[in-house]
Protein chains: 2
Amino acid sequence: MNNLNIYTKKLRESGLRPTRQRLKICEVLFSPEKTFHFTIKDLTKIIEQKLSEKISLATVYNTVHAFKKKGYLKEISINSDKSYFDTNVTEHHHFFDEDTNELIDCGKNEIDSVNIKQNITGKKIKSVEVLVKVATDNQNQN
Amino acid sequence: MNNLNIYTKKLRESGLRPTRQRLKICEVLFSPEKTFHFTIKDLTKIIEQKLSEKISLATVYNTVHAFKKKGYLKEISINSDKSYFDTNVTEHHHFFDEDTNELIDCGKNEIDSVNIKQNITGKKIKSVEVLVKVATDNQNQN
DNA sequence: ACTTATATTAAAATAATTCTAAACTGTTGA
DNA sequence: TCAACAGTTTAGAATTATTTTAATATAAGT
Ligand SMILES: [Mn+2]
Ligand SMILES: [Mn+2]
Ligand SMILES: [Zn+2]
Ligand SMILES: [Zn+2]
């Protein structure tokens, strides 16, 4: 079974119609061997470059949100004014390079599992994630 | 020495002129006994309510960024399209209530110190913070 | 094929934040 | 004391990410 059929099946199973646009976006997001992080702008650029197809910005937003809702993408909290998304949907930690604004996965085995002693009444823990900010040593004294 | 003099001194020492607006904002941010989290919108609302003074939105932004640069405020990474600020500038962890969008401090003693085994070549760790997302148990299946 | 619910689209709307450029004010030193 | 200047405030415009709108197109079931 080729990728297209796999994506078609995956989408149908999620109750999402396998449209031309969604299949193209699946191809871009899920065919790379490695998972990666991206912004909507990044994704739009990749689509423009790798595909002959033009996909409207609204559709890119719609699709990314639909995929997130289905659990095929994760949104990452970064100190920034734009959203980052992650094709690695497992719970994991990140390094954030403040010099380059680059987000780097941190292997689960690189950080001991975080033990939380406190709990919020009536609330359940949905995720526990660590963000390690890094930068070059020369502290910028502006 | 009253608060105003303290803030005046603090600002002067930072190379910031103790203007009427900055002193008012200091009062709002730093006189409460407890630290707290806020957005620019929150702060603007507090200023409108608690103070006779009107402070322009641009000045609120300018001041918050100036205070952040001087280390009197911290910006918090939340999965959202607006920035949260924290008057607690010590390194600490947070709970984020996904139902209410509320940010709650997690005592340093409630989470064991996080040990990072990986390191990024040429980069220094600037901060290590944990974000615990919580929500009511009934998972929303939308 | 026909129907209908879904999806795509361009364009407009929204919302947070930053920029601009003019007016204002705190500080300094003659 | 006060002129001069750098730093600050301000309203409003600009920018940017994201969402909404409403019209058109398409997938899927009959
Ligand atoms: Mn910012
Ligand atoms: Mn969002
Ligand atoms: Zn990741
Ligand atoms: Zn806090």
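Protein chains get the first letters and strands the later ones, always in sequence-line order, with residue 1 at the start of each.
- Across all strands, A:Leu57 comes closer than 4.0 Å to base atoms (heavy-atom distances).
- A donor-acceptor pair under 3.5 Å is formed between the side chain of A:Lys70 and the backbone N or O of A:Ser14.
- In this entry the distance linking CG of B:Leu11 with P of C:dT25 reads 18 Å, nearest Å.
- Atom NZ in B:Lys69 sits about 13 Å away from atom C1' in C:dT18, given to the nearest Å.
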What nitrogen or oxygen pairs link the protein and nucleotides 24-30 of chain D at under 3.5 Å?
residue, atom, partner, partner atom, Å
D:dA27, N3, A:Arg17, NH1, 3.4
D:dA28, OP1, A:Arg12, NE, 2.9
D:dA28, OP1, A:Arg12, NH2, 3.3
D:dA28, OP2, A:Arg12, NH2, 3.3

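- In this structure B:Lys54 satisfies the salt bridge (Lys or Arg N to Asp or Glu O under 4.0 Å) test with no other residue, sequence neighbours excluded.
- For residues 24-31 of chain B, proximity to DNA chain D is found at no residue, defined as any non-hydrogen atom under 4.0 angstrom from a strand atom.
- The main-chain N or O of B:Arg17 is found under 3.5 Å from a side-chain atom of B:Arg22 such that the two form a donor-acceptor pair.
- Contact check, A:Thr59 against C:dA7: no side-chain N or O comes under 4.0 Å of OP1 or OP2.
- Residue B:Lys45 contributes atom NZ, which lies 11 Å from atom P of C:dA16 at whole-angstrom precision.
- Put simply, NZ on B:Lys82 is 15 Å from P on D:dT18, counting in whole angstrom units.
- With 3.5 Å as the limit, one finds a donor-acceptor pair spanning the side chains of A:Ser83 and A:Glu75.
- In this structure, B:Arg22 atom CZ and C:dT25 atom P are separated by 14 Å, rounded to whole Å.
- Looking only at atom types and distance, the side chain of B:Asn88 has no donor-acceptor partner in the side chain of B:His37 under 3.5 Å away.
- Note on B:Gln21: every side-chain N or O is 4.0 Å or more away from OP1 and OP2 of C:dT25.
- Judged by a 6.0 Å distance limit and a 45° cone about the ring axis, B:Lys74 is not positioned over the six-membered ring of B:Phe85.
- Nearest heavy atom pair, residue A:Glu27 against residue A:Pro32, reads O-CD, 3.8 Å.
- Put simply, B:His65 has no side-chain N or O that comes within less than 4.0 Å of OP1 or OP2 on C:dT17.
- Protein atom NZ of B:Lys41 is 11 Å distant from nucleotide atom C1' of C:dT14, rounded to whole Å.
- When rounded to the nearest whole Å, the span between CD of B:Glu53 and C1' of D:dT10 equals 13 Å.
- Applying the 4.0 Å criterion to OP1 and OP2 of D:dT18, one finds that A:Ser83 has a side-chain N or O inside that range.
- Ring-plane geometry between B:Phe67 and B:Phe30 is classed as tilted, the angle between the planes lying from 30 to 60 degrees on a 0 to 90 degree scale.
- Nearest heavy atom pair, residue B:His92 against residue B:Asp105, reads NE2-OD1, 2.9 Å.
- Not one side-chain nitrogen or oxygen of B:Tyr61 sits closer than 4.0 Å to the OP1 or OP2 atom of C:dT18.
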